[in-house]
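Below is one structure, written out as structure tokens; comments come after it.
Reminder, nothing fancy here: chain letters follow the sequence lines and each chain counts from 1.
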Amino acid sequence: MSAPKSLSEAIADLVRDGDTVALEGFTHLIPFAAGHELIRQRRRDLTLVRMTPDLLYDQMIGMGCARRLVFSYGGNPGVGSLHRFRDAIENGWPHPIEVEEHSHAGMANRFAAAASGLPFAVLRGYRGTDLMRHTRVATIECPFTGEELTAVPALDLDVAVVHAQEADRDGNVQLWGIPGVQKEAVLGARRSLVTVERLVDRLEPRPGGVIIPGWVLDAVAVAPSGAHPSYSLGITERDNDFYKAWDAIARDRDAFLAWMEEHVIAGGGDR
Amino acid sequence: MSAPKSLSEAIADLVRDGDTVALEGFTHLIPFAAGHELIRQRRRDLTLVRMTPDLLYDQMIGMGCARRLVFSYGGNPGVGSLHRFRDAIENGWPHPIEVEEHSHAGMANRFAAAASGLPFAVLRGYRGTDLMRHTRVATIECPFTGEELTAVPALDLDVAVVHAQEADRDGNVQLWGIPGVQKEAVLGARRSLVTVERLVDRLEPRPGGVIIPGWVLDAVAVAPSGAHPSYSLGITERDNDFYKAWDAIARDRDAFLAWMEEHVIAGGGDR
Amino acid sequence: MSAPATAAEVQTIAAARLLREARSVFIGVGRPSTAAILARRLYNPELVLIYESGTIGAKPRHVPLSIGDGELAETADAVVAVPEMFNYWIGPGRIDVAFLGAAQIDRRGNLNSTVIGPYEAPKTRLPGAGGAPEIAASCGEVVVVIPHGRRSFVERLDFRTTVGFGDAPDDRARLGFRGRGPTAVVTDLCLLEPDPETKELTLTELHPQVSVEAVREATGWELRVAAEVRRTAAPEAEELEALRGLSAR
Amino acid sequence: MSAPATAAEVQTIAAARLLREARSVFIGVGRPSTAAILARRLYNPELVLIYESGTIGAKPRHVPLSIGDGELAETADAVVAVPEMFNYWIGPGRIDVAFLGAAQIDRRGNLNSTVIGPYEAPKTRLPGAGGAPEIAASCGEVVVVIPHGRRSFVERLDFRTTVGFGDAPDDRARLGFRGRGPTAVVTDLCLLEPDPETKELTLTELHPQVSVEAVREATGWELRVAAEVRRTAAPEAEELEALRGLSAR
């Protein structure tokens, strides 16, 4: 890890067209600023991986960044549908996307397997469901008991992007609050970027703090409020009103494009 | 979880002759007080499980509690041999014990599998070693890549005992510092006991704090300095001099028995 | 005097009442979440609320919009990473009750939250599985909270996202599941419970003013009705007041 | 003027010098730990020290007696649970160099830390594997720090606890190992490195005042000697002083 970079430079350096990219954050600490930069830099043909696509991937799908989506829950939590995600799958707008879906337990274990450098993980899951026939899992037998369990393949991530509360000047990162699968995403990807609310001289360990050493990261970029409308516990609050308002914005293609143009494209890098 | 019990009552309630018991704590927070209580209560035929048997299992083996030992590193860290452990294996004193040994990676994954309610875990490990032929592991093939990996069976624990810094009056526990495999041990066992340095009215979350809710525990007992000569970070210090002195005490059967009689048996429950 | 209870309010209160004895409950967003928070408030102050975001023992004062709102993390006894939540807490069956919703349910309590229409070309793309398949397999029991109507109570699911009782009474055992499966389905009209033998969902309790006929009408299969159908106790003033005080921020 | 360097001190300093360029090093107790702490002090202040107890980036001022002393946790950048240490950090090959000790080593750098004598009835029961098998398989490279003598440098191990190069040059690849294996063995007499082709350990550097003959004498197999054998630079006063200042508490 070298010194912090600008977000636009970090994205330009680390993410290429056609990459498999996970922007993670489970409800909390979703890296919106980084996703918006990907939209502004017009990345195409990405395989977008996230447990919960949320508004961020709704936006990226609607802006044509995605060729493929790997996920486990594609809703606007507590509000309803992700309309751009639906429009892409149901109507192929702006273009068709491929879908590979899993359960949360399956996705979490796929991240953990990637972080562990293993080709697969084992869990009790998927059995008896139609998911088994529509996704990439396999049945595996316990060599000790003979019991049948389910294997899921490790995620194969080119890049992971996560958001955290703070980094020190050596690029060591600390996040606290709901930790999701961020550590697994970063450790499971070939390249990684962490956006942070702020730089500090020294990380002061916090209750619930997860520290990711700078030497396993490729870049850190400062992006204040970079999780909005998601949040950074202790620094910003979840903008639940925006989550609700998004339903109407995203329902209509033109309203969506106008909103993205005004707030993301024209808004430049300084949201 | 009900209210905290006395240590002698908790041990009497939870641990039976013949049980498979893990007293865990990786160098830090080793539950010596609980182990001494097991010695005083003359538990027999135990299968003793620990990654690092350390002085505690040296004492329990020497006092005849163990029928079987499951472990991955049986040394006095930084000092040398565990003489009672060696005497049992090399000379069958005070009686022969069976041994099942693993690597640390294997044991850690066996604990994690137990905590996950899975019959086995997968790792890259053991391959090419003589360990593979002398312990319980199996080769397993990745159903996606065909790669051969190693499976280890989940531990099958009747009881887990760990030590922590503090508990509140509802039996919620917090430990901090090196967390070892304590959470996995507690979650992977049928019954569990946590000894703590102190009771507090309310757990104040700490940096690095691991909180184990009282509702997954069977008993909490207060045992101040209950990790000595190991330590409870922030409360007691590791007694390195004792670790060094143990070498001479344990080397000789009579010296060992005399020490145990004086400090553990006659010392009663209030060490 | 406050307004009379709506059908949705009766549903939420009836669901909440099922948690009087539970030690721990796993909840998602929406009405199941409201019911569990209400239960903790009214009947069971020790009830441990667990969200798949990783918060164990959360104590929300209001109904959170998402399962990851800051208040959940701030008030939780412990917050764990998502892999730990599924591997150490849900998978091994550590949680007593799971409250789940769905878009469709069939007579054996199987759930669809994936698609309406064919999978490859769906008419409606739903959010997908989330945690439901493993939660329903592993938690001690499942309570389904779902609106009652012919679009949701269907003869045949478009997609089986989550197994209730599968296709036969012994399917859960055959699949190696730990939990007992759906023990109740709470709708805005009634409560259904599985027949002890066949595991087919059976009408056992009607909400106030609802008739058996109305439930039949809203059910997309030929409904089984228990020999004796109970009547849900009308919400108490205290219950209604508490529920209305919980509205989402 | 201070006392001249002992053979053990030369060994520790020679091992420490191998860490000038490393980003991260995995260390156990004893001389390997001293060497790594010395390297961080003298040559490589950014060196990340990782102990299997879960401490990442520990900054001990003294040599800890155990790998879990409080100072390691208190000064670490991060402290993780043991399953995470092995699964997320060691297994995937995230660590550049591992410093390991052993009771026996053979000509292909395989290690024994399990038993002397037959496994079922050992003459000497050693501590066992600990983290060594997976550490040696996965870390970028391995440096073995071991006293030189016919009891430790043996023709045939009594037990193969840890694979160096196995039985043949391509064994590591066949076994699917990530790391390059032992790149150096540092003893109190010399430094050995694997032959690039055969992977057999070869004497490449003699410590001050040690002869090739003395090394042969202390080696339990017919020793390969490089065409040109280097001479270890005598410890500098600064190196000796720093090493002597690190003594275990």
Side-chain angles (χ1 to χ4, degrees), chain A residues 25-28 51-52 71-82 85-86 88-90 99 101-109 111-112 115 123-131 133-134 147-149 176-184 208 210 230-231 233-234 237-238 240 243-244, chain C residues 29-30 33 52-55 63-70 72-74 79-87 90-91 110 112-115 119-135 137-138 157 159-163 166-167 171-172 174-178 248-249:
Chain A
F26 201 91
T27 313
H28 178 221
M51 295 186 63
T52 59
F71 75 105
S72 41
Y73 180 85
N76 180 345
V79 178
S81 289
L82 293 176
F85 157 86
R86 284 185 55 180
I89 296 173
E90 295 170 12
V99 156
E101 67 186 299
H102 286 265
S103 67
H104 277 348
M107 281 296 281
N109 277 290
F111 274 108
L123 71 158
R124 292 183 198 279
Y126 295 80
R127 288 169 64 85
T129 71
D130 287 341
L131 258 183
R133 292 184 289 108
H134 287 92
E147 185 184 349
E148 282 194 349
L149 295 116
W176 61 91
I178 291 168
V181 290
Q182 279 99 307
K183 189 188 258 192
E184 287 76 13
V210 174
S230 171
Y231 70 110
L233 188 72
E237 294 214 14
R238 193 171 193 272
N240 282 344
Y243 271 87
K244 291 177 196 159
Chain C
V29 288
S33 171
E52 65 196 356
S53 58
T55 58
V63 177
L65 183 67
S66 81
I67 57 165
D69 279 22
L72 300 177
E74 283 164 343
V79 181
V80 301
V82 171
E84 176 176 333
M85 174 52 68
F86 281 94
N87 291 342
I90 294 170
N110 303 302
N112 173 19
S113 52
T114 302
V115 285
Y119 184 75
E120 301 301 342
K123 192 161 136 298
T124 305
R125 175 64 229 201
L126 302 167
E134 288 79 16
I135 290 164
S138 301
L157 300 179
F159 191 97
R160 185 182 292 175
T161 312
T162 301
V163 175
D167 300 310
D171 261 12
R172 292 186 66 89
R174 186 180 56 77
L175 292 165
F177 290 176
R178 287 175 189 282
R249 283 193 295 183

Partner of C:D167 by salt bridge (charged side-chain N to carboxylate O under 4.0 Å, His left out), out of C:R160, C:R172, C:R174: C:R160
Picking from [options], which has the most non-hydrogen pairs under 4.5 angstrom with chain A?
| options | value |
| --- | --- |
| C:A129, C:G128, C:A73, C:S66 | C:S66 |
| C:G166, C:G130, C:G131 | C:G130 |
| C:S53, C:G91, C:S33 | C:S53 |

In terms of heavy-atom proximity below 4.5 Å to chain C, should [X] be classed as side chain, backbone, both, or neither?
| X | value |
| --- | --- |
| A:M51 | side chain |
| A:L131 | both |
| A:I178 | both |

All side chain to side chain donor-acceptor pair (under 3.5 Å) counterparts of C:T114, not counting sequence neighbours: C:T161
Pairing residues for C:N87 by the side chain to side chain donor-acceptor pair (under 3.5 Å) criterion, not counting sequence neighbours: A:N109
Below 4.5 Å from any heavy atom of chain A, which atoms of [X] appear? Answer side chain, backbone, both or neither.
| X | result |
| --- | --- |
| C:I135 | neither |
| C:V80 | backbone |
| C:P83 | both |
| C:Y119 | side chain |
| C:A81 | both |

Parallel, tilted or perpendicular, as decided by the 30° and 60° cut-offs, for the rings of A:F85 and A:F71: perpendicular
Ring geometry between A:H104 and C:F86 (parallel below 30°, tilted from 30 to 60°, perpendicular above 60°): perpendicular
A:D130 versus C:N112, side-chain donor and acceptor atoms under 3.5 Å: no
Nearest-0.5 Å distance that lies between atom CZ in A:R238 and atom OG in A:S230: 6.5 Å
Pairwise distance CZ(A:F26) to CD(C:E52) - rounded to 0.5 angstrom: 4.5 Å
Out of [options], which one racks up the most heavy-atom pairs below 4.5 Å with chain C?
| options | result |
| --- | --- |
| A:F111, A:Y126, A:W176, A:Y243 | A:Y126 |
| A:R127, A:M107, A:H102 | A:R127 |
| A:R124, A:E184, A:H28 | A:R124 |
| A:G80, A:G75, A:A105, A:A108 | A:A105 |

Closest heavy-atom pair and its distance - C:E134, C:I90: O-CG2, 4.0 Å
Under 3.5 Å donor-acceptor, A:R86 side chain and C:T124 backbone: no
